[in-house]
Amino acid sequence: MSALTPVRAFRKTLLGLAVAGTLGAAQAHAGEVEVLHWWTSGGEARAANVLKQLMEDEGHQWEDFAVAGGGGETAMTVLKSRAMSGNPPSAAQIKGPEIQEWGELGLLGSLDDVAQSEGWDDMLPDVVADVMKHDGNYVAVPVNVHRVNWLWANPKILEEAGVELPTTLDEMFAAGEAIREAGYIPLAHGGQPWQDATVFESVLLASAGTDFYRRAMVDLDPDALGGEEMIQALETFKRTRELMDDDMSGRDWNIATSMVISDKAAMQLMGDWAKGEFTAAGLTPGEDYLCAPAPGTQDAFTFNIDSLAMFQVSDDSEREAQKTLARLVLEPEFQEAFNLAKGSIPARPDLDMSEFDTCAQQSLEAFQQTAEEGGLVPSMAHGMAVRSDVQGAMFDVITNFFNSPDMDAEQAAQRMVNAAQAAL
Ligand code: GAL
């Protein structure tokens with residue numbers, strides 16, 4: 001019996017294909033880029049369309065390869081099968097350590113020439129540039145910086161329930177009771193593993209702090225993963241179920257956001273792509289909806305950087321189209337238009353932010369402050385902290401624990417230790 005995990009087995013098969021030279025056959029027409037992404041909600045589609053438009057304005061063809069499914073798990077499965085069949089798209093939304101996994105397979109093309117002529121090294125913060133490089137070469141271009149640890153709220157419901165925007169977890173649970181009594185759902189949520197993990201990591205940060213978060217979620221330190229602070233965080237995480245509704249299972253994140261928009265639910269713990277939905281609905285922050293750091297995480301910034309990695313292609317015009325795409329992504333015009341629609345902040349910090357709303361301004365300030373003072377941490381739920389096999393194993397534990405009445409927090413913590421060990 002093979003001792004390989006499915007992910008490792010996949011890597012091996014791909015490596016075999018790459019070595020055998022079956023990948024990289026030119027499939028596309030001249031000047032065409034096929035772009036795989038999972039930006040399919042209202043706000044996300046508006047944002048993706050900005051890039052399509054800019055590419056078309058430069059005379060290239062954009063072949064949209066959108067794979068629905070928040071968090072991108074389905075998109076990554078589809079990408080793997082396309083790569084396995086020797087026909088990857090020219091560009092794909094690949095993030096964080098997963099960029100290294102594809103880089104190690106030798107499938108990504110270098111963007112160093114574009115990076116050099118556009119001055120990416122000077123333009124990008126190190127924390128962003130580092131993620132985009134494999135073996136010191138740029139293989140991906142950053143699109144934005146999302147903050148994950150946000151709370152979104154409906155001010156009318158909070159007022160009717162007589163509560164303020166919670167700033168601590170205790171306040172959030174107390175507000176939840178009052179909101180429930182006023183006849184609303186306290187916390188909109190979609191029961192999908194990545195959404196459970198998104199809530200979990202914010203609760204973990206609030207309950208155990210950023211140093212602990214780093215030890216557990218980035219370094220995978222077994223003492224942290226299996227320790228008392230983790231057990232407590234898991235217990236608190238499970239309590240958030242009290243704030244959710246019975247129909248949450250399988251619900252998409254943007255449907256949960258729409259519950260806040262349509263006065264059904266008071267709050268949502270979600271990254272700032274949720275703001276893209278409020279924006280698409282024509283709403284104004286501070287008036288129609290509120291944004292604040294997830295309760296208890298004021299000093300932290302969980303970052304999630306979207307990026308597009310380019311696969312090696314042999315067709316010259318396709319290569320040209322890739323380079324144009326990479327250049328356009330970091331140009332001010334794209335950075336502003338895309339991020340206004342997407343809810344994120346630009347990947348380069350030197351841009352005029354006057355068109356951005358108060359939530360984005362707050363996000364930029366928090367990004368810079370946490371980068372200087374500590375507190376800037378990669379999101380585990382969004383593929384920035386650990387490689388995809390560890391992330392998958394963590395998702396399983398978190399979701400099973402969240403949904404199982406029988407598993408207690410000690411058992412879940414122990415399973416996290418095992419999950420991290422098995423994947424290392
Ligand atoms: C994140 C991604 C965002 C957004 C979100 C919901 O992982 O970085 O851009 O798409 O998933 O799908």
Side-chain angles (χ1 to χ4, degrees), residues 147-209 229 231-272 274-275 277-278 283 285-286 288-300 302 359 381 398-399 401-405 407-409 412:
R147 185 182 196 183
V148 181
N149 57 319
W150 278 115
L151 179 73
W152 308 95
N154 177 316
K156 274 187 287 180
I157 300 184
L158 294 190
E159 200 186 325
E160 223 184 290
V163 295
E164 300 284 326
L165 203 57
T167 59
T168 63
L169 289 173
D170 285 345
E171 282 177 18
M172 182 174 79
F173 287 113
E177 271 178 41
I179 292 163
R180 187 78 79 191
E181 271 163 36
Y184 299 96
I185 298 162
L187 200 60
H189 182 68
Q192 297 175 343
W194 74 271
Q195 292 190 60
D196 297 343
T198 299
V199 172
F200 167 73
E201 71 180 22
S202 282
V203 170
L204 177 66
L205 266 179
S207 137
E229 279 154 300
I231 292 167
Q232 263 179 32
L234 282 162
E235 273 163 4
T236 310
F237 165 59
K238 200 151 181 172
R239 271 191 66 202
T240 62
R241 286 184 73 92
E242 295 167 15
L243 308 174
M244 298 169 181
D245 66 316
D246 292 339
D247 298 328
M248 67 184 183
S249 174
R251 179 189 288 141
D252 287 329
W253 67 271
N254 53 317
I255 305 296
T257 310
S258 74
M259 290 163 63
V260 179
I261 293 177
S262 60
D263 302 334
K264 290 194 181 67
M267 304 178 284
Q268 183 183 18
L269 281 166
M270 185 50 66
D272 44 21
K275 202 185 70 189
E277 299 306 293
F278 291 105
L283 305 182
D288 307 315
Y289 68 98
L290 307 173
C291 63
T297 71
Q298 286 76 1
D299 297 333
T302 328
C359 306
I398 291 166
T399 287
F401 168 67
F402 199 51
N403 291 303
S404 144
M407 198 192 304
D408 63 28

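Because only heavy atoms are used, hydrogens play no part in the values below, and waters and symmetry mates are left out as well, while side chains stay in. Model, not experiment: these values are computed from the prediction.
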Are any side-chain N or O atoms of [X] and backbone N or O atoms of [Y], one a donor and one an acceptor, separated by less than 3.5 Å?
X	Y	answer
R180	P186	no
R251	G191	no
T297	P293	no

Kindly indicate whether the side chain of [X], heavy atoms from C-beta on, has any atom under 4.5 Å from the side chain of [Y].
X	Y	answer
Q195	M248	no
F200	T240	no
E160	Y184	yes
P295	L269	yes
I261	Y289	no
M259	D247	no
M267	I179	yes
S207	E235	no

Taking it one step at a time, do Q192 and W253 satisfy side chain to side chain contact (heavy atoms under 4.5 Å, CB included)?
-> CA-CA 9 Å; Q192 297 175 343; W253 67 271; 5.6 Å; no
Audit row: T236, F173, side chain to side chain contact (heavy atoms under 4.5 Å, CB included) steps and yes/no = CA-CA 10 Å; T236 310; F173 287 113; 3.8 Å; yes
Sorted by chain and residue number, the salt bridge (Lys or Arg N to Asp or Glu O under 4.0 Å) partners of R239 (sequence neighbours excluded) come out as E242
Minimal non-hydrogen separation, [X] against [Y], with atom names:
X	Y	answer
L165	C291	CD2-O, 4.4 Å
R147	A300	NH2-O, 2.7 Å
I231	A409	O-CB, 3.6 Å
Q268	A188	CG-O, 3.6 Å
P155	A153	CD-O, 3.5 Å
I157	A266	CG2-CB, 3.7 Å

Check side chain to side chain contact (heavy atoms under 4.5 Å, CB included) between T302 and all other residues, then give those that pass, not counting sequence neighbours.
-> V148, N149, E201, L205, Y213, V377, S379
Interatomic distance, K238 atom NZ to S404 atom OG [nearest 0.5 angstrom] = 5.0 Å
Determine whether more than 12 heavy atoms belonging to other residues, nucleotides or ligands lie under 6.0 Å from atom CG of D252.
-> yes
Carefully, step by step, assess F237 and V199 under the rule side chain to side chain contact (heavy atoms under 4.5 Å, CB included).
-> CA-CA 8 Å; F237 165 59; V199 172; 4.1 Å; yes
